[in-house]
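Residue numbers run from 1 in the order of the sequence given. Everything numeric in this text was worked out from a predicted model, so none of it was measured.
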Amino acid sequence: MSDYTAKRIDEMEAGFGGGFVKARAELGVTAFGMQVIQLPPNYTDYPEHDHADGGQEEVFLAIGGSGWMDIEGERVDLDRDTLVRVGPAAKRKIYSGPDGLRVLALGGAPGQAYEINAITELAP
């Protein structure tokens, strides 16, 4: 039997009112962080943050809708043709456009084994 998991995003468990899809846990991934961020149209309340404490870098790819990131005061548009890497110490904030935004976010700390964050786990 083959070792794989396939699930539709809209069938996966999500936290924070549906905005944080627990894709890593749903697929059984344990080697790196992976979530889907879903924001409604013109959303501006996504929290600005960095990962300086844990050393995690992230890669983002828009897979639906439109939007941009503010990275240390620079606007970087998110679209299906642009991959964006953000280093651990850089402050980042995501904004959605008029169609909302769906972003695949991948993360891990270079040179370290991945440690699962409890908020990314499925509910019991």
Side-chain angles (χ1 to χ4, degrees):
M1 197 150 93
S2 296
D3 181 10
Y4 77 94
T5 306
K7 290 191 174 185
R8 293 183 53 79
I9 293 171
D10 59 1
E11 295 173 348
M12 294 181 179
E13 182 180 314
F16 300 100
F20 185 79
V21 179
K22 300 176 180 182
R24 183 207 54 76
E26 286 281 1
L27 295 177
V29 173
T30 58
F32 54 89
M34 177 179 64
Q35 313 311 326
V36 175
I37 299 164
Q38 302 185 119
L39 303 177
N42 303 310
Y43 191 75
T44 61
D45 290 336
Y46 184 85
E48 180 182 62
H49 69 284
D50 62 45
H51 291 284
D53 288 345
Q56 177 174 274
E57 61 185 357
E58 293 179 306
V59 173
F60 299 90
L61 173 66
I63 57 175
S66 64
W68 67 94
M69 295 183 77
D70 180 301
I71 305 169
E72 298 283 327
E74 292 185 44
R75 179 181 167 141
V76 178
D77 290 330
L78 296 171
D79 60 55
R80 294 179 184 177
D81 296 321
T82 306
L83 290 161
V84 179
R85 178 207 163 267
V86 183
K91 299 259 188 223
R92 81 261 350 234
K93 182 174 172 133
I94 300 174
Y95 296 86
S96 65
D99 301 320
L101 179 64
R102 180 182 271 181
V103 175
L104 177 64
L106 306 171
Q112 299 178 28
Y114 177 68
E115 294 183 23
I116 294 172
N117 184 323
I119 67 167
T120 69
E121 290 286 72
L122 300 176

Do Glu121 and Arg24 have side chains that approach each other closer than 4.5 Å (heavy atoms only, starting at C-beta)? yes

Asp79 vs Thr82, test: side-chain hydrogen bond (donor to acceptor under 3.5 Å, both in side chains). Steps then yes/no.
CA-CA 6 Å; Asp79 60 55; Thr82 306; 2.9 Å; yes

Handout entry: Side chain proximity check, Val36 to Met12, heavy atoms < 4.5 angstrom
Key = no

If the threshold is 4.0 Å, N to carboxylate O, is there a salt bridge linking Glu48 and Lys91?
no

Between the CG atom in Asp50 and the CZ atom in Arg92, the distance rounded to the nearest 0.5 Å is 6.5 Å

Tightest non-hydrogen contact, residues Pro47 and His49, listed as O-ND1, 3.2 Å

* Under a 4.5 Å side-chain heavy-atom rule over Ile, Leu, Val, Met, Phe, Trp and Tyr, are Ile37 and Val29 clustered together? -> no

In terms of heavy-atom contacts, Glu57 and Pro110 come closest through OE2-CG, 3.6 Å

Rounded to the nearest 0.5 Å, the CG atom of Leu101 sits from the OG atom of Ser66 at a distance of 7.0 Å

Here the pair of heavy atoms bringing Ala89 nearest to Ala52 is CA-CB, 4.0 Å

Would you kindly confirm whether Tyr46 and Val21 end up in one hydrophobic cluster when ILVMFWY residues are joined by side chain heavy atoms under 4.5 Å apart?
no

Do Ile94 and Met34 share a hydrophobic cluster (ILVMFWY, side-chain heavy atoms under 4.5 Å, transitive)? no

Next item on the list: Would you indicate whether Gln112, at its atom CD, is surrounded by more than 12 heavy atoms from other residues, nucleotides or ligands within a distance under 6.0 Å?
Entry: yes

On a heavy-atom basis, the closest approach of Gly54 and Ala109 is O-CB, 3.7 Å

Inset, instruction - Treat each ILVMFWY residue as a node, draw an edge where side-chain heavy atoms are under 4.5 Å apart, and state whether Val76 and Tyr43 are in one component. - result: yes

Rounding to 0.5 Å, atoms CG (Asp99) and CG (Leu39) come to a distance of 13.0 Å

With Gln35 as partner, the option from Lys22, Glu58, Glu26 fulfilling side chain to side chain contact (heavy atoms under 4.5 Å, CB included) is Lys22

ask   = Applying the 4.5 Å side-chain criterion to the ILVMFWY set and letting contacts propagate, would Leu27 and Ile63 be lumped into a single cluster?
value = yes

Between Tyr95 and Asp70, the two heavy atoms sitting closest are CE1-CB, 3.9 Å

Check: Can you tell if the side chain of Met69 reaches within under 4.5 Å of the side chain of Lys93, non-hydrogen atoms only?
Finding: no

| query | Hey, is CZ on Arg75 packed in by over 12 heavy atoms from elsewhere, all under 6.0 Å? | reply | yes

Q) Does the side chain of Phe60 reach to within under 4.5 Å of the side chain of Val86, using non-hydrogen atoms? A) yes

Taken to the nearest 0.5 Å, the spacing of Gln56 CD from Tyr114 OH works out to 6.5 Å

Rounding to 0.5 Å, atoms CG (Leu78) and CG (Leu104) come to a distance of 11.5 Å

Closest non-hydrogen contact found for Gln38 with Ile9 is OE1-CG2, 4.0 Å

